[in-house]
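Notes for the one structure printed next.
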Amino acid sequence: MRALTYHGSNDVRVETVPDPILKHEEDVILRVTATAICGSDLHLYRGKIPEVRDGDILGHEFMGVIEDVGPNVTNVKIGDRVIIPFVIACGHCFFCEKSQYAACETSNPDRGASLNKKDTRPPAALFGYSHMYGGVPGGQAELVRVPHGNVGPFKVPGSLADEQVLFLTDILPTGYQAILNADVGPGSKIAIFGAGPVGLMAAACARMLGVETIFMVDHHQYRLDFAKEAYDTISINFDENNDPAELIIQLTGNRGVDASIDAVGFEAKGSMLETALTTLKVETSSGKVLRQCIAATRRGGIISIPGLYAGFIHGFLMGDAFDKGLSFKMGQTHVHGFLPELLNSIEEGKLHPADIITHRMSLEDAARGYEIFNKKEEACRKVVLSPGGSSLAKQALPA
Ligand code: NAD
Ligand code: ZN
Ligand code: ZN
């Protein structure tokens, strides 16, 4: 089969690799019909995540049709059309029973050189996301093996086209969890840092839940303009104003927002010192956005962090966070639990996740897709790849 493989920083290639096979009794083999490139893939692409090996197949946002099932798979059958959560969960461990699927303690037993040696229980395995997260081949491919076939695959109705439901695999529940973690609703004011796909999905979910005011911070004006148009956000371009938090405080009666969402993560731009320190490997993450979140949020408010972090930050304003009585919520998304309600919202027309797609390409052109998305060329917001080579735009809605 054809698949997108990793060969070092800024080097991904579509190659012919062996087809996946069923390894366990609950495995499923999926024929991928649509797959996307995530901002998390960009951390891999830039060589920032350890334990990614030459030839690893990337991709964790994908959906398709069940091609084969192991003998113990009962929840889906050959021919079913499903989306696959990027988090692999067993469905019955201590954490899965609490609906904390991203903490599933059985799906990633061979966690490699752990980041944290005190970590007695590894986090869940993720598709296509390094050997720290299970070394499971990803879905930017024609076929993919899906472990725990009774738990992950989620059937989607034929009335919805692939691109309307594809983001249920990751960025839509991620934006939703970010807003639920922020504990906001009608009358609330929030600030979202990062107008990438995750920030945009958070804005869409905030609007759906009645949030009153949304400040959106980025430096790509085209992304800010789209957010304003689609979700009625107030744009702050940090190239023009290098202290967005100060402006947010002024515009909220010197109080600050109820919650800030960090949809950027550890590669945040804007601190020359931290960029230099991370290059020298003295620091692993940039704390620029976290400091802005702490500054922009009112006393007693919440900082919700879907953006990915790794390692440590020296410039973390713990004193300010304590003084203001802030709460922090963060982590990978517990995808599975959010799917029924988010699918309903799409069917009812309350969410239109496909609106953010700018690029529809063949899997064969995936390397170029990574380059465009990484460099923010061609006003790119989101790339969707179709392994069949057929354009998703031309895909007819099933009758
Ligand atoms: P993206 O790279 O397309 O978007 C990030 C945006 O942040 C860019 O538009 C960039 O210009 C902006 N940015 C950079 N520095 C900034 C700053 N100082 N202030 C404000 N904005 C800044 O990526 P994405 O797909 O939107 O993903 C965002 C983050 O969410 C990534 O870290 C990704 O790994 C993470 N993520 C986490 C989960 C989860 O389960 N928690 C799921 C998906 C993605
Ligand atoms: Zn992702
Ligand atoms: Zn589990």
Side-chain angles (χ1 to χ4, degrees), residues 36-46 48-49 58-62 85-108 121 123-129 138 148 151 167 169-175 177-178 181 191-202 215-224 226-227 236-239 242 244-245 261-271 274-275 285-293 304-310 329-336 356 373-374 376 380-383:
I37 306 176
C38 180
S40 298
D41 291 327
L42 295 180
H43 303 309
L44 301 170
Y45 181 68
R46 298 176 192 128
K48 302 286 184 181
I49 306 283
L58 307 188
H60 58 268
E61 295 183 321
F62 58 90
F86 78 95
V87 166
I88 302 172
C90 75
H92 50 70
C93 71
F94 175 85
F95 291 105
C96 285
E97 291 203 336
K98 293 179 183 301
S99 300
Q100 293 178 338
Y101 300 100
C104 173
E105 61 186 0
T106 71
S107 66
N108 182 12
R121 303 277 176 177
L126 310 177
F127 286 99
Y129 217 77
H148 295 294
V151 182
F167 302 150
T169 57
D170 179 352
I171 53 168
L172 181 56
T174 295
Q177 177 174 288
N181 279 347
I192 300 176
F193 290 82
V198 170
L200 295 174
M201 290 298 101
F215 295 98
M216 181 65 94
V217 184
D218 205 301
H219 68 155
H220 292 292
Q221 192 60 42
Y222 76 90
R223 290 186 165 195
L224 290 170
F226 174 82
I236 305 177
N237 186 323
F238 69 84
D239 280 346
N242 72 5
I261 316 289
D262 175 350
V264 182
F266 75 109
E267 293 193 78
K269 295 199 167 67
S271 163
E274 278 166 322
T275 304
S285 296
S286 163
K288 177 73 184 177
V289 167
L290 272 183
R291 290 192 293 276
Q292 283 279 303
C293 288
S304 165
I305 312 171
L308 193 147
Y309 279 86
K329 283 212 157 193
M330 64 193 84
Q332 302 282 6
T333 305
H334 304 298
V335 179
H336 304 57
I356 71 163
F373 186 46
N374 184 41
K376 275 66 181 174
C380 184
R381 291 190 300 262
K382 188 77 179 171
V383 181

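Everything quoted here is computed from the prediction, not taken from an experiment. Computed from heavy atoms alone, side chains included, the values below leave out hydrogens, waters and symmetry copies. Each residue takes its place number in the sequence, starting with 1. Whatever order the structure lists ligands and atoms in, that order sets their numbers, starting from 1.
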Exercise. Only one of L224, N242, D239 clears side-chain contact (heavy atoms from CB on, under 4.5 Å) with H219; which?
Worked result: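 Exactly one candidate clears the test, D239.
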Problem set entry | Residue that, paired with E105, satisfies side-chain contact (heavy atoms from CB on, under 4.5 Å) out of C96, C90, C93 |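 Exactly one option meets the side-chain contact (heavy atoms from CB on, under 4.5 Å) with E105, and it is C93.
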Any N or O on [X] sitting closer than 3.5 Å to an N or O of ligand 1?
X: L42; value: no
X: C38; value: no
X: G39; value: yes
X: G199; value: no
X: F86; value: no
X: R223; value: yes
X: D170; value: no

Problem set entry | Contact flag H92/the Zn ion (ligand 3), N/O/S atoms, threshold under 2.8 Å |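 No, outside the cut-off.
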Determine whether the side chain, the backbone, both or neither of [X] has a heavy atom under 4.0 Å from any heavy atom of ligand 1.
X: A102; value: neither
X: V289; value: side chain
X: F266; value: neither
X: E267; value: neither
X: L200; value: neither

Exercise. Which residue from F193, Y129, F238 reaches closest to atom 17 (C) of ligand 1 through any of its heavy atoms?
Worked result: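 Going through F193, Y129, F238 one by one, F238 has the nearest heavy atom to atom 17 (C) of ligand 1.
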Problem set entry | Element-labelled atoms of ligand 1 that are located less than 4.0 Å from some non-hydrogen atom of A268 |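 Per the distance check, 15 (N).
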Exercise. What do you reckon, does K376 put a non-hydrogen atom under 4.0 Å from ligand 1?
Worked result: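 The answer is yes: ligand 1 sits under 4.0 Å from a heavy atom of K376.
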For this session: Could you tell me whether ligand 1 has any atom less than 4.0 Å away from a heavy atom of S286?
Result: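 S286 does not count as a contact of ligand 1 under the 4.0 Å cut-off.
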Problem set entry | Rounded to 10 degrees, the angle SG of C96 makes with SG of C90 at the Zn ion (ligand 3) |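 Centred on the Zn ion (ligand 3), the SG/SG angle is 120° (to 10°).
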Exercise. Do any N/O/S atoms of D170 come under 2.8 Å of the Zn ion (ligand 2)?
Worked result: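 Yes, since at least one N, O or S atom of D170 sits under 2.8 Å from the Zn ion (ligand 2).
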For this session: Side-chain contact test, heavy atoms from C-beta onward, threshold under 4.5 Å: evaluate it for F226 versus I356 and give yes or no.
Result: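 Side-chain contact under 4.5 Å: yes.
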Exercise. Does the pair E267/R46 count as a salt bridge with the N-to-O cut at 4.0 Å?
Worked result: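 Salt bridge present between E267 and R46.
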Exercise. Is the distance between the ring centroids of F95 and H334 under 6.0 Å?
Worked result: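 F95 vs H334: aromatic centres not under 6.0 Å.
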